[in-house]
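I have placed the structure first, in the form of structure tokens, so that the comments after it can refer back to it.
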Amino acid sequence: MNTFLFFVLVALTTVMLVYLYRVVRGPTAFDRVLGLNGISTKAIILIVLLGTIFGRVDMFVDISTGYAILNLVGALAITKFLEERGERE
Amino acid sequence: MILELPLLVLLVMTAAGAILVKDLVSGVFILGSYSFVLALVWALVGAVDVAFVEAVVGAGLATVFFLLTLSRTEEKDTELRRLPVPKVALIGLPLLALLMLYGAGDLPVFNDPRSPASTHLSPLYLENSVEQTRTPNVVTAILMDYRALDTLVETLVIFTAGIACALLLRNGAR
């Protein structure tokens with residue numbers, strides 16, 4: 001079971017790399033926002049998985065909930081900013 | 001654990017991307033992903049509370065504050081001017097990094113039970129904190145009782161920074 005979870009961890013980290021490519025290279029700002037959102041969802045799942053492996057899910061679920069809420073706040077701030085400034089390369 | 005290596009590679013890549021990207025808005029986004037990866041690293045080495053602070057402050061608050069600053073400034077203010085790197089920095093900084101790596105070689109290994117910090121200080125706190133402070137959580141006991149003065153002044157600094165931010169971000173201030 002632990003080996004399975006470990007491989008899931010490695011696979012999710014690799015998926016984060018793909019999103020990171022989109023964030024760094026992305027031609028428009030919206031590509032970057034979507035890539036950032038993808039990275040943060042992967043990070044949330046990764047933290048819960050780490051908690052499962054360490055056997056302390058209760059503590060790690062708190063962090064991932066905080067992550068999720070702040071991710072929403074950050075995404076709102078970014079979209080508000082883009083709305084005010086208008087789309088730009 | 002072997003997972004630390006890809007996460008550290010991700011960390012270096014996000015840091016380099018945040019510096020090398022063309023405009024500041026994208027730099028702010030990439031800095032947010034850097035904070036996410038850094039929080040993952042903290043969680044992996046067991047520093048859960050530090051990971052929480054990194055997620056809250058680094059990924060959440062810092063992104064919002066950077067974007068607020070960018071929305072209050074004109075485009076000509078935030079135009080990137082890249083100066084050519086001077087030769088002294090090219091030679092001096094790698095030497096400095098070597099010196100620091102050499103110095104880090106003397107540090108105790110991570111999780112070493114015989115390092116000075118875990119032979120003298122940590123057992124003292126773990127054994128005496130409940131009788132001395134009547135606080136069940138050791139971290140809280142250290143922060144609020146043993147280092148109360150330190151925490152007080154820290155709170156003062158954060159309060160001052162909050163007032164300064166509120167003053168700067170008032171409506172109409174430019």
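Labels below follow one simple rule: chain letters A, B, ... track the order of the sequence lines, proteins then strands, and each chain is numbered from 1.
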Which one wins on heavy-atom pair count under 4.5 Å against chain A: [options]?
options: B/V9, B/L61, B/L10; result: B/L10
options: B/A51, B/S33, B/G32; result: B/S33
options: B/L20, B/L40, B/V64; result: B/L40
options: B/V28, B/L68, B/V56; result: B/V56
options: B/G17, B/S26, B/A39; result: B/S26

Do [X] and [Y] have side-chain heavy atoms sitting under 4.5 Å apart?
X: A/F30; Y: A/L82; answer: yes
X: B/T63; Y: B/L31; answer: no
X: A/M16; Y: B/V37; answer: yes

Worked check of side-chain contact (heavy atoms from CB on, under 4.5 Å) between B/D145 and B/Q132: CA-CA 9 Å; B/D145 286 299; B/Q132 286 179 351; over 6 Å; no

Contacting region of [X] [heavy-atom separation from chain B under 4.5 Å]:
X: A/I69; value: neither
X: A/I47; value: both
X: A/Y19; value: neither

Expected output: side-chain A/Y67 to main-chain B/F36 donor-acceptor under 3.5 Å: yes

Top contributor to chain B interface from A/I39, A/V24, A/I78 [non-hydrogen pairs under 4.5 Å]: A/I78

Those residues that, when tested against B/Y125, pass ring pair (Phe, Tyr, Trp, His ring centres under 6.0 Å) (two or more places apart):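 Result, ring pair (Phe, Tyr, Trp, His ring centres under 6.0 Å) vs B/Y125: B/Y146.
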
By ring pair (Phe, Tyr, Trp, His ring centres under 6.0 Å) - contacts of B/F65 (at least two apart):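 Per chain and number, B/F65 pairs via ring pair (Phe, Tyr, Trp, His ring centres under 6.0 Å) with no residue.
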
Per-residue contact mode, B/A18 against chain A (heavy atom under 4.5 angstrom): neither

